Amino acid sequence: MLLVVNYHRLWPTGSVGRTMFDDGVFGPDLETFRRQMQWLKASTIILDEESLLGLRNGSGYPHGTVLSAVTFDDAYVDCRTLAQPVLDECGIRGLFFVPVELIEKRQLGWWDQVAYLLKQTPLKSIVVDGRGYDLASGFRQALRSILELFKLETADRTAELLTRLADACRIPLPPLALQSAELMTWQQIRELRAAGHAIGSHTLSHRVLATLDPSEQAREIAGSRRALEGILCDSVRSFAYPVGGPRHIDRHSIELVQQAGYGLAFTFNTGFARVPPADRLQIPRESAHSFAALRSKVLLPRLMGLNDQLALEPASTGN
Ligand SMILES: [Zn+2]
C-alpha cells in the first residue's frame, strides 16, 4: 500500500500556538516532525516524485512493503526553513505544491486572513451576513464556522466576503509585508528544487476548483503548470487539488488535470492508495499531526489485514 502524508506548516520548536494566522494548517512541531520522518524512513520505503511516476505492477518492492511519500501544500516559508533541513538529513525527497499567484502576489490564502481578522479584532463578537459569532467564549467554533462559510462560497465572492469580514471586525486586512513573511520566495522554491525535492502545482489562485466554470478551471490547472515551468525552467509533473475533498473538485477538474499533462494528482481524501495507484490523478493523502497518528496510519492497516488487499500486485512473469 501507499501512504502519502501531507503537511502545510510546522511549528518551530517551543512556539506551538504562536501565530497571528490560521493554527489549523499547522502540523506537528519541528522535533515531532523529525521523529516522524526518522520513523517513516525506518518503517516504510519513501518514494520521491520520480519513483511515484514510475510505479508499475511488480515494481520490485517485496510483497507487503508499505510505500510512502511526503508532501507539503501552499508553499509556506517553513517548508524551506524547517521541513527541508529535516528531509535532507533523513535523505527524503518531498513533493511541494505551490499556488503560483499567491507566491507572485505575496498573499496568504483567505483562511489565514480570516484567522488574522478574528484574532486581531478588538471586538468580542461580530456579525457576518446577519449571523452573530461570539469570539470571547467560542473563538475556535466561530473561526471554524466562518472558514466553512468561505469554503462553500463561489470563488469571486471570497474577496468581497473578506472585505466585509474586515469591516465587521473593524480592522484592515493583514499588511502585505506580514503576509509575505509567511511564504517562500521563488528563490527559496528554487533552492528546494535544487536540493532534489519536486515542485508541483497547486493552481494559480488556490480557489476551490468546483466553484469555477471549466474555462477558469483550465486556466488554474494548465495555466499554473505553464507558469511554474516558465519560472523554474523545468517540467512540472504533479498537481495537488486546493482543499481537495470530494466536494471541492468535479469531473472537469480531473479531465483538465489529465489534459494538462500531469502524471500525478493528489486529493485530500483520506486513506491509502493501491500499488500502483488505481487512479494516479486522485491519489489520497493523510495528515499526521502527532507522532502516534503517523505510526498508527502505517501500522493499523497492517493489523487489520488491509495491507494485503492494498498490496503490490504480483510481478508479471514475462521478460
Ligand atoms: Zn492548499
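Whatever order the structure lists ligands and atoms in, that order sets their numbers, starting from 1. Nothing here was measured: the structure is a model prediction, and the numbers come from that model. Just so you know, these numbers use all the heavy atoms, side chains as well, and skip hydrogens, waters and symmetry mates.
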Partner of D22 under salt bridge (Lys or Arg N to Asp or Glu O under 4.0 Å), chosen from R9, R144, K119: R144
Pair F97 + Y262: ring centers closer than 6.0 Å: no
Atom name in H202, limited to N/O/S, at shortest distance from the Zn ion (ligand 1): NE2
For the student: nearest non-hydrogen atoms of N6 and F268, plus distance: OD1-CE1, 2.9 Å
The Zn ion (ligand 1) - name of the N/O/S atom of D74 that sits closest to it: OD1
Short N/O/S contact of H206 with the Zn ion (ligand 1) (below 2.8 Å): yes
Atom CZ of R93 with >12 non-hydrogen neighbours under 6.0 angstrom: no
